[in-house]
Amino acid sequence: QVQLVESGGDLVQAGGSLRLSCKASGSIDRINNMGWWRQIPGKQRELVAAITTRGTITEKDSAKGRFTISIDNAKNTVFLQMNSLKLEDTAVYYCNAEIVPSGRFFHETYWGQGTQVTVSS
């Protein structure tokens, strides 16, 4: 079994910062990439940023310059540093990872349980 456990969501004022963490654990052979998605009630889940274990980054335009994704391969952990937070960043943030479980040949997609980020005025 593979699990993703997120932490770091909180209530913060506009202009503030938060750092989200997500650790993958369990029977893991290899992690291909990890990332962060977010979902606002009534809207589709959207990609915020993703990073491969080699450091290649994909990110949403609105995140560029404010959010920084990083990965600690030794700890199977991905981080999202969020600065200059805006009201519209309020959402549930989900960790996502493509992981090859032990004993398998192909990756599977895993999701965390979500962590709430609320930005207030």
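What you see is a predicted model, and the numbers here were worked out from it, not measured in a lab.
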* Could you walk me through whether Cys22 and Met34 pass side-chain contact (heavy atoms from CB on, under 4.5 Å), step by step? => CA-CA 9 Å; Cys22 171; Met34 301 184 77; 4.1 Å; yes
* To do: Would you check, one step at a time, whether the test side chain to side chain donor-acceptor pair (under 3.5 Å) holds for Asn83 with Ser17?
  => CA-CA 4 Å; Asn83 299 326; Ser17 298; 2.9 Å; yes
* Show the numbers, then the answer: is there a side chain to side chain donor-acceptor pair (under 3.5 Å) between Thr118 and Gln116? => CA-CA 6 Å; Thr118 303; Gln116 177 70 47; 3.3 Å; yes
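Val100 and Arg104 get closest at one heavy-atom pair: CG1-O, 3.5 Å. In this structure, Val48 and Tyr93 approach most closely via the heavy-atom pair CG2-CE2, 4.1 Å. Minimum heavy-atom separation, Leu4 to Ala24: CD2-CB, 3.5 Å. In terms of heavy atoms, Ile40 sits closest to Ala91 at CG1-CB, 3.9 Å. Taking every heavy atom of both residues into account, Glu108 and Pro101 meet most closely at CD-CG, 4.1 Å.
Between the side chain of Thr77 and the backbone N or O of Lys75 there is at least one donor-acceptor pair closer than 3.5 Å. In this structure a side-chain-to-backbone donor-acceptor pair under 3.5 Å is present from Arg66 to Ser84.
Taken from CG in Asn32 to CZ in Arg30, the straight-line distance is 5.0 Å, to the nearest 0.5 Å. Thr115 OG1 to Leu18 CG: the interatomic distance, rounded to the nearest 0.5 Å, is 8.5 Å. The CD1 atom of Ile99 sits 4.5 Å away from atom CD1 of Ile28, with the distance rounded to the nearest 0.5 Å. Here Ser121 contributes atom OG and Lys86 contributes atom NZ; the two are 15.5 Å apart, rounded to the nearest 0.5 Å. Atoms CD1 and CD1, from Ile71 and Ile57 in turn, are 10.0 Å apart once rounded to the nearest 0.5 Å. Atom SG of residue Cys95 and atom NZ of residue Lys23 lie 11.5 Å apart, to the nearest 0.5 angstrom.
Residue Gln44 places its CD atom among 12 or fewer non-hydrogen atoms of other residues, nucleotides or ligands, all under 6.0 Å distant.
A continuous path of hydrophobic side-chain contacts links Val2 to Val78 [ILVMFWY only; heavy atoms under 4.5 Å]. Residues Tyr94 and Leu85 do not share a hydrophobic cluster, clusters being chains of Ile/Leu/Val/Met/Phe/Trp/Tyr side chains in contact below 4.5 Å. Cluster membership check: Leu20 shares its hydrophobic cluster with Leu87, using side-chain heavy-atom separations under 4.5 Å among Ile, Leu, Val, Met, Phe, Trp and Tyr. Each of Val119 and Val92 belongs to its own hydrophobic cluster when Ile, Leu, Val, Met, Phe, Trp and Tyr are linked at side-chain heavy-atom distances under 4.5 angstrom. Tyr110 and Ile51 fall within the same hydrophobic cluster, defined by Ile, Leu, Val, Met, Phe, Trp and Tyr side-chain heavy atoms under 4.5 Å apart, directly or through other members.
A ring pair (Phe, Tyr, Trp, His ring centres under 6.0 Å) check over residues 35-58, counting only residues at least two apart or in different chains, returns the pairs Trp37-Trp111. The salt bridge (charged side-chain N to carboxylate O under 4.0 Å, His left out) pairs that include a residue from residues 32-44 are Arg38-Glu46, Arg38-Asp89, where partners are two or more places apart or lie in different chains.
Side chains of Asn96 and Thr109 form a contact here, defined as non-hydrogen atoms less than 4.5 Å apart.
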